[in-house]
Structures are given as structure tokens and as C-alpha cells.
**Student:** 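Sending over a structure as C-alpha cells; questions will come in a sec.
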Amino acid sequence: MSDVNLPPLPPVGGTTSGRNVVDVLNEQHRQILSLLSEDISDKEHSVLIATLSRHLSAEEQYLYPAIRAAVPDGDRIADRELAEDRELLQLMTAKSPSADLVAAVRRHVEADASELFPLLDRMVPVEDMIRLGNRVEMAQEAAPTRPHLSTPVTPPWNKVIDPLVGVIDKLRDVATSRTTYARDL
């Protein structure tokens, strides 16, 4: 029985396959880091903010609850990460990236890579890691594209509110011709 409370994977020829949550989040981290630069254009800044917003929302919905459920002292770790994410969201509200934002993003990526991901790898079965990866990818697509400091950060409310706010953000993005994906740069 799984500690992270996800439905089973569909059978695929008797083997477990797919991208796990660490693979998905590492890919997102690489993309976010590639967007950080000192001479970033307005369009690139919009993409950075949208990508970070979607990433943080997906982590709040699935990564941190998995840490809480599967890792000893997971509540303390998840609460610390949520507090750091709030600070990151505040830095994201600036019109242009600051050195503080760049440093906070690098700290976030390093904390995930050095602490959270190894803990999950040790504590969570591979099937659950793949399910988490699937959920993170789906949550990211429905997530807001702008920082929202007043939305809930824990389930179940963030899983309800974030997709609704995401729809509003996406409508605003279309109305303002805002670029939100790196592939559109």
C-alpha cells in the first residue's frame, strides 16, 4: 500500500514505465535555469515567471504532500519549502528579474536536487514516483501563469483553486498576447 495515496497505474505489458516525478521536475528545473540571465528580455521574463508559477503550483499540489506522507519529518521539510516558495513568489512580482530572484531560484533547484529528490527516491516506490510525475505534468498545464500570493498552498484547496486561477491567467495571457512558454520565444 502506498503512502502517497494515488490511484494505480494502468497496466503496460506487465512493466512499470514512464517518467517519474524527479525526471519531470529536473527537466522543469533545467528549463527554468536556462531562462535565467542578466540581460533578459521582457518576453523571456514573462516566460520565466509563467514557467516558475506553473512549476511551484505543481510542486505544492503533489511534491510536498508526497514528502509529508512518505518522509520522516516530512511536515517540517514541506513547511520549510512552502515558506521559501512564498518568498520566491514575492520576488516574482517584480517587473524584471533581480539578483535576489536568481539566487532564490538557484536555492530552490539545489534544495530539490540535494534533499527532496533523494528522499523520495529512497522512500517512495517507483510506481508511485511515476504516478506523481504524471500528476505533476497535468497540474503544471492547468496551473496559474502568474504568481498569486493569496491562493492556498496545500491540498485539497490548491488543487481546486489553482486550476481556476490558471484559466483566468491564461485568458489574460491571450488577451495581452503574453508569451508563457519557452518554445514560443
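Below, all heavy atoms of this structure are taken into account, side chains as well, without hydrogens, waters or symmetry copies. Predicted model, so just to flag it, every value in this text is computed and none were measured.
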**Student:** Run the side chain to side chain donor-acceptor pair (under 3.5 Å) check on D162 and S57 step by step: do they pass?
**Tutor:** CA-CA 7 Å; D162 279 5; S57 174; 2.6 Å; yes
**Student:** Rounded at 0.5 Å granularity, tell me how far CG in N26 sits from CG in D112.
**Tutor:** 8.5 Å
**Student:** Which heavy-atom pair separates V22 from N20 by the least distance, and what is that distance?
**Tutor:** N-OD1, 2.8 Å
**Student:** I'd like to check the salt bridge (charged side-chain N to carboxylate O under 4.0 Å, His left out) partners of R76; sequence neighbours left out, ordered by chain and number.
**Tutor:** D73
**Student:** Run the salt-bridge test on R86 and E60 with the 4.0 Å N-O cut-off and return the result as yes or no.
**Tutor:** yes
**Student:** For R106, give me all partners under salt bridge (charged side-chain N to carboxylate O under 4.0 Å, His left out), at least two apart in sequence or on another chain.
**Tutor:** none
**Student:** Name all residues meeting the side chain to side chain donor-acceptor pair (under 3.5 Å) criterion together with D169; count only those two or more places apart in sequence or in a different chain, and write none if there are none.
**Tutor:** H148
**Student:** Taking the side chain as every heavy atom from C-beta outward, state whether N158 and T151 have any pair of such atoms under 4.5 Å apart.
**Tutor:** no
**Student:** Looking at residues at least two apart in the chain, or sitting in another chain, which of them share a side chain to side chain contact (heavy atoms under 4.5 Å, CB included) with P147?
**Tutor:** I49, S53, L89, M92, T93
**Student:** Under a 4.5 Å cut-off applied to non-hydrogen side-chain atoms, are T154 and L82 in contact?
**Tutor:** yes
**Student:** If we only count heavy atoms from C-beta on, is the Q28 to Q140 side-chain gap below 4.5 Å?
**Tutor:** yes
**Student:** How many angstroms lie between CD1 in I32 and CG in L25, if you round to the nearest 0.5 Å?
**Tutor:** 9.0 Å
**Student:** Could you go step by step and tell me if E115 and R80 meet the side-chain contact (heavy atoms from CB on, under 4.5 Å) rule?
**Tutor:** CA-CA 12 Å; E115 183 181 11; R80 181 194 68 215; 2.5 Å; yes
**Student:** Just jot down the salt bridge (charged side-chain N to carboxylate O under 4.0 Å, His left out) partners of D75, sequence neighbours excluded, or say none.
**Tutor:** R68
**Student:** Could you give all pairs that pass the ring pair (Phe, Tyr, Trp, His ring centres under 6.0 Å) test and reach residues 150-185, with sequence neighbours left out?
**Tutor:** none
**Student:** With a 4.5 Å heavy-atom cut-off, do L63 and L132 have their side chains touching?
**Tutor:** no
**Student:** Give me the other members of the hydrophobic cluster that L171 sits in, counting Ile, Leu, Val, Met, Phe, Trp and Tyr linked by side-chain heavy atoms under 4.5 Å, directly or via other members.
**Tutor:** V167
**Student:** Check M123 against P72 and note the closest heavy-atom contact, atom names and distance.
**Tutor:** CE-CD, 3.4 Å
**Student:** Would you call L185 and L35 a side-chain contact if the rule is heavy atoms closer than 4.5 Å?
**Tutor:** yes
**Student:** Taking salt bridge (charged side-chain N to carboxylate O under 4.0 Å, His left out) as the definition, give me every residue that meets it alongside D173, ordered by chain and number, with sequence neighbours left out.
**Tutor:** R146, R178
**Student:** Between N134 and V24, does a side-chain contact (heavy atoms from CB on, under 4.5 Å) hold up when you go through it step by step?
**Tutor:** CA-CA 8 Å; N134 293 339; V24 170; over 6 Å; no
**Student:** I'd like to check M138 versus Y62 (side-chain heavy atoms, cut-off strictly below 4.5 Å). Are they in contact?
**Tutor:** no
**Student:** Would you compute the distance between atom CD of Q61 and atom CD1 of I161 and round it to the nearest 0.5 angstrom?
**Tutor:** 11.0 Å
**Student:** I need the full list of ring pair (Phe, Tyr, Trp, His ring centres under 6.0 Å) pairs touching residues 75-94, with sequence neighbours left out, sorted by first then second residue.
**Tutor:** none
**Student:** List the residues meeting side chain to side chain donor-acceptor pair (under 3.5 Å) with E59, not counting sequence neighbours, and say none if there are none.
**Tutor:** H55, Y64, H108
**Student:** What distance separates S96 OG from I40 CD1, expressed to the nearest 0.5 Å?
**Tutor:** 9.5 Å
**Student:** Among all residues two or more places apart in sequence or in another chain, which pass the side chain to side chain donor-acceptor pair (under 3.5 Å) test with E27?
**Tutor:** R19
**Student:** Give, for atom CG of L149 and atom CG of D85, the distance between the pair rounded to the nearest 0.5 Å.
**Tutor:** 11.5 Å
**Student:** Identify the heavy atoms of V47 and A182 that sit nearest to each other, and give their distance.
**Tutor:** CG1-N, 3.4 Å
**Student:** Has the side chain of R54 got a donor or acceptor atom that lies under 3.5 Å from a matching backbone atom of T180?
**Tutor:** yes
**Student:** My understanding is that only residues two or more places apart in sequence, or in another chain, count here; which of them pass side chain to side chain donor-acceptor pair (under 3.5 Å) with S41?
**Tutor:** E44
**Student:** Are V165 and L56 connected, step by step, through hydrophobic side chains (Ile, Leu, Val, Met, Phe, Trp, Tyr) whose heavy atoms are closer than 4.5 Å?
**Tutor:** no
**Student:** CG of L119 to CD1 of I67: how many Å apart, nearest 0.5 Å?
**Tutor:** 5.5 Å
